[in-house]
Undergrad: 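My questions will all concern the structure given below.
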Amino acid sequence: MNISPTMVVGLGDTGVSVIRHLRLKDRAVAVCDSRLGKRTREIPHLLKVRRDYPDVSVIPPRQFARAVARSKRVVASPGIAIDDTLLKFATIERVPIVGDIDLFMEEVDVPVVGITGTNGKSTTAMLVGAMLQDREFKVCGNIGLPVLDALDSGAKGFVVELSSFQLERLQNARFDVAAITNIAEDHLDRHKSLDEYVSSKRRVYDNCKFAVFNGLDNNTRPESATASIAINGSSDWCVEPDGVVVNGSHISAEQIALQGRHNYFNLVMAAAIASRFGATDEVIREVASTFTGLQHRTQFVAQVNGADYFNDSKATNVAASIASISSMSADSSKLILIAGGDGKSVDFQQLGATIDKCVSHLVLIGQDAEAIANCTKLVSCSFASSMDEAVRIAQDHASAGDRVLLSPACASFDMFRNFEHRGDAFAKAVVELQS
C-alpha cells in the first residue's frame, strides 16, 4: 500500500465509487464528510463503507487538517464546492484536488465522449448511447452511473454526462468528442457569476479532438480552432419547422418519437456526435423513431377527463422551463402550469414573460412561489402547499383537450429529496385523479 493515502471528501454515490476503485487497486484511502459528527445519520453510505472497507480511515472534520497534510491527493465529490472549508485546508497544504473524472481518465483506454450543458445533456447522452449501442458504448457520469463504476463494464467507448460541478475541478480533460448543448443561468448559488459558470462548462473542450456545439449560443462555442460541427449553424445539421436535418438528410416530425420540439435539437446533436463513431443513417433514423425520452423530461403521465398531464420535473432552471412551456403551448390547446421550488438565486423575469404569453393558469409551489408570481402580469395564479393540492387545482382549471405541465424552473430540495421524487409525486397525484 502507498504510505500517503488518497483523501476522499464526500460520502455520496461518487465518493463510494472512488473508494471502491482505489481499494481494488490496493491504494491507501481515507475519507471525510462534513456531516460526520453532528449529522452522521444523513450520510447514506457510511455504514456500508465501514462494513465493506474496514481499512479505510474515516476522518471526522475536526481532524481533517492534520490528515490531509499527510495525503497524496484529495478526490472531492461534485457536490463539494471548490471554496468548501475542508478543501481550503488541502489548498493550504498544497495537496492536489481532483474529481472522479480525473481518476477515470487515468484508466480509460477507449474513446470517450463528454457532454455538458445547462439543459438537454441527459437526453443527448442517452440518444448517443442508443445510436452507438451496437458499438458497445456505455452511458455514465452525472446521469446516474458513476464513471468509475462503469470502467470494468467491458465497454468499447463511453458517453459521459458532465455537470459544471464535475468540470470546474477537472484537470485531465481529453475527450475524443466534447459537446455543450446550451448555457443559461443556473447554479448561481454555487458559481459566483454566469461567466464563472460558462468557464466551468467550457473546460470540456480542453484538449478535445472534436467539438459539437450550439451554433445559436456563443457561450457553447470552443475558443480554440478545434475541428467541430455547429448545430443550427449549417444546413446539414439543424432543426427545421417540420423536423430535423441530420448530415444533410431530412427526418420529418412524424418520424420523431420525442415529445417537445426543444428535444429536436438534442436529437441532431446526438446524431452529430454518434456519426463521428460510425453510426449509420439507418441507425440514427431508427433511434429517432423509437426513443421516447427519459423519465421526468416532458414525460406523458396520463389523460384525465380529456386533459393530458406531462411531467417535466427535470426542468430545474428557468431556461429548461421556458423551452418546455414554449414547446407544449405551440398549438391551440390551453396550458396549465405547475411551477416553483428553490430558484437558486436566479431572475424569473423571462420566465414570467413566457408564462404570460403561453399559460392559461399558473399553480405555484415551494419557497420561490411568490418570486415567480411577482414576475407575471397577465396570467391567473393559484398557490398550493403540496403537490397533491397543486394537481387538484390544475385539474379544476383543465378541460378536455388541455395540457397540464409540471415544469418547475427550480430545484426541488425545499420540498422533495430530488427532482425524481418531485416528478414521482406529481405522477402519483395524477394517477389518483383517475380513481
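In what follows, every heavy atom counts, from backbone to side chain, and hydrogens, waters and symmetry copies are set aside. In this text the structure is predicted, and so the values were computed from the model without any measurement.
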Undergrad: More than 12 non-hydrogen atoms from neighbouring residues, nucleotides or ligands closer than 6.0 Å to CD on Gln367, yes or no?
TA: yes

Undergrad: For Thr280 and Val283, indicate whether the former's side chain and the latter's backbone hold a donor-acceptor pair under 3.5 Å.
TA: yes

Undergrad: Would you give the length of the straight line joining atom CD of Glu223 to atom OH of Tyr205, rounded to the nearest 0.5 angstrom?
TA: 10.0 Å

Undergrad: Restricting to non-hydrogen atoms, name the atom on Phe348 and the atom on Ala409 that form the minimum distance, rounded to 0.1 Å.
TA: CE2-O, 4.1 Å

Undergrad: How many angstroms lie between atom CD1 of Ile355 and atom OG of Ser329, to the nearest 0.5 angstrom?
TA: 11.0 Å

Undergrad: With a 4.0 Å cut-off, would you call Lys428 and Asp424 a salt bridge?
TA: no

Undergrad: Is it the case that the side chain of Thr316 and the backbone of Ala411 share a donor-acceptor pair, with hydrogens and angles ignored and the cut-off at 3.5 Å?
TA: no

Undergrad: Under 3.5 Å, is there a donor-acceptor pair between the Asn317 and Asn119 side chains?
TA: yes

Undergrad: Any chance you could measure Thr123, atom OG1, to Ile143, atom CD1, to the nearest 0.5 Å?
TA: 7.5 Å

Undergrad: With a 6.0 Å cut-off (strictly less than), is the heavy-atom count around CZ of Phe89, excluding the residue itself, greater than 12?
TA: no

Undergrad: Are Thr124 and Asn266 close enough that some pair of their side-chain heavy atoms sits under 4.5 Å apart?
TA: yes

Undergrad: If you measure from the Lys or Arg side-chain nitrogens to the Asp or Glu carboxylate oxygens, is any gap between Asp176 and Lys209 under 4.0 Å?
TA: yes

Undergrad: Are a donor atom and an acceptor atom from the side chains of Gln255 and Ser252 found within less than 3.5 Å of each other?
TA: yes

Undergrad: Rounded to the nearest 0.5 Å, what separation is found between the NZ atom of Lys314 and the CG atom of Leu406?
TA: 13.0 Å

Undergrad: Checking Leu337 against Ser321 for the side chain to side chain contact (heavy atoms under 4.5 Å, CB included) test, could you report, in this order, the C-alpha distance in whole Å, the side-chain angles of both residues, the deciding distance, and whether it holds?
TA: CA-CA 10 Å; Leu337 175 69; Ser321 280; over 6 Å; no

Undergrad: Between Arg70 (side chain) and Pro5 (backbone), is there a donor-acceptor pair under 3.5 Å?
TA: no

Undergrad: Between Arg276 and Val128, is there a side-chain heavy-atom distance shorter than 4.5 Å?
TA: no

Undergrad: Would you say that more than 12 heavy atoms from the other residues, nucleotides or ligands in this model lie under 6.0 Å from the CZ of Arg66, or not?
TA: no

Undergrad: Show your working on side chain to side chain contact (heavy atoms under 4.5 Å, CB included) between Phe426 and Val301 and close with a plain yes or no.
TA: CA-CA 9 Å; Phe426 172 76; Val301 176; 4.0 Å; yes

Undergrad: Tell me if the CZ atom of Arg51 is crowded by more than 12 foreign heavy atoms within 6.0 Å.
TA: yes

Undergrad: In the structure I gave you, are the side-chain heavy atoms of Phe158 and Val147 within less than 4.5 Å of one another anywhere?
TA: no

Undergrad: May I ask you to decide if Ala30's main-chain N or O and Ser57's side chain share a donor-acceptor pair within less than 3.5 Å?
TA: no

Undergrad: List the steps, then state whether salt bridge (Lys or Arg N to Asp or Glu O under 4.0 Å) holds for Glu106 with Lys25.
TA: CA-CA 13 Å; Glu106 290 173 2; Lys25 293 184 168 298; over 6 Å; no

Undergrad: Judged by atom type as modelled, is there a donor-acceptor pair below 3.5 Å linking the side chain of Arg50 to the main-chain atoms of Pro54?
TA: no

Undergrad: Looking at side-chain heavy atoms only, is the closest gap between Leu87 and Ile82 below 4.5 Å?
TA: no

Undergrad: Which atom names give the shortest non-hydrogen contact between Ser275 and Trp237, and what distance separates them?
TA: OG-CH2, 3.7 Å

Undergrad: Is it the case that Thr226 and Ser228 place a side-chain donor and acceptor less than 3.5 Å from each other?
TA: no

Undergrad: Applying the side-chain hydrogen bond (donor to acceptor under 3.5 Å, both in side chains) test to Asn311, which of Arg422, Arg297, Gln295, His296 qualifies?
TA: His296

Undergrad: Compare every heavy atom of Leu405 with every heavy atom of Ser324, then report the nearest pair and how far apart it is.
TA: OG-CD2, 3.6 Å

Undergrad: Would you say that Phe137 contacts Pro111 through its side chain, given a criterion of any heavy-atom pair below 4.5 Å between the two side chains?
TA: yes

Undergrad: Taking side chain to side chain contact (heavy atoms under 4.5 Å, CB included) as the criterion, tell me which of Asp149, Val112, Asn172 meets it with Phe104.
TA: Val112

Undergrad: Examine distances only and state if a side-chain atom of Asp33 and a backbone atom of Leu11 form a donor-acceptor pair shorter than 3.5 Å.
TA: yes

Undergrad: Restricting to non-hydrogen atoms, name the atom on Ala76 and the atom on Ile97 that form the minimum distance, rounded to 0.1 Å.
TA: CB-CG2, 4.3 Å

Undergrad: Can Glu240 and Tyr264 be said to form a side chain to side chain contact (heavy atoms under 4.5 Å, CB included), step by step?
TA: CA-CA 9 Å; Glu240 294 191 329; Tyr264 288 11; over 6 Å; no

Undergrad: Between Ser234 and Asp236 (side chain of the first, backbone of the second, donor and acceptor by atom type, cut-off under 3.5 Å), is there such a pair?
TA: yes

Undergrad: Between His262 and Ile322, is there a side-chain heavy-atom distance shorter than 4.5 Å?
TA: no

Undergrad: About how many Å separate CZ of Phe265 and CG of Leu258, when rounded to the nearest 0.5 Å?
TA: 13.5 Å

Undergrad: Are Val9 and Val68 side-chain neighbours, meaning at least one heavy-atom pair lies under 4.5 Å?
TA: no

Undergrad: Checking Arg27 side chain against Thr6 main chain: does a donor-acceptor pair fall under 3.5 Å?
TA: no

Undergrad: Identify the heavy atoms of Ile180 and Met269 that sit nearest to each other, and give their distance.
TA: O-CE, 3.4 Å

Undergrad: What pair of heavy atoms forms the shortest contact from Leu170 to Ala173, and how long is it?
TA: CD2-CB, 3.6 Å

Undergrad: Compute whether any side-chain donor of one residue and acceptor of the other, for Asp100 and Thr14, lie under 3.5 angstrom apart.
TA: no

Undergrad: For Met131 and Phe277, run side chain to side chain contact (heavy atoms under 4.5 Å, CB included): C-alpha distance rounded to whole Å, both residues' side-chain angles, the deciding distance at 0.1 Å, then the answer.
TA: CA-CA 10 Å; Met131 293 173 185; Phe277 301 96; over 6 Å; no

Undergrad: Checking Arg135 side chain against Gly278 main chain: does a donor-acceptor pair fall under 3.5 Å?
TA: yes

Undergrad: Is Arg202 close to Ser199 at the side-chain level, that is, under 4.5 Å between some pair of heavy atoms?
TA: no

Undergrad: Can you tell me if Glu432 has over 12 outside heavy atoms packed within less than 6.0 Å of its CD?
TA: yes

Undergrad: Give a yes or no on whether the backbone of Gly117 and the side-chain of Lys201 come within a donor-acceptor separation of less than 3.5 Å.
TA: yes

Undergrad: How long is the straight-line distance from CG of Leu162 back to CG of Leu167, given to the nearest 0.5 Å?
TA: 5.0 Å

Undergrad: Is it true that Asp102 and Arg169 have a side-chain N and a carboxylate O under 4.0 angstrom from each other?
TA: no

Undergrad: Is it true that, when you exclude Glu420 itself, more than 12 heavy atoms of the residues, nucleotides or ligands shown sit nearer than 6.0 Å to its CD?
TA: yes

Undergrad: Does a donor on one side chain sit under 3.5 Å from an acceptor on the other, for Thr298 and Gln259?
TA: no

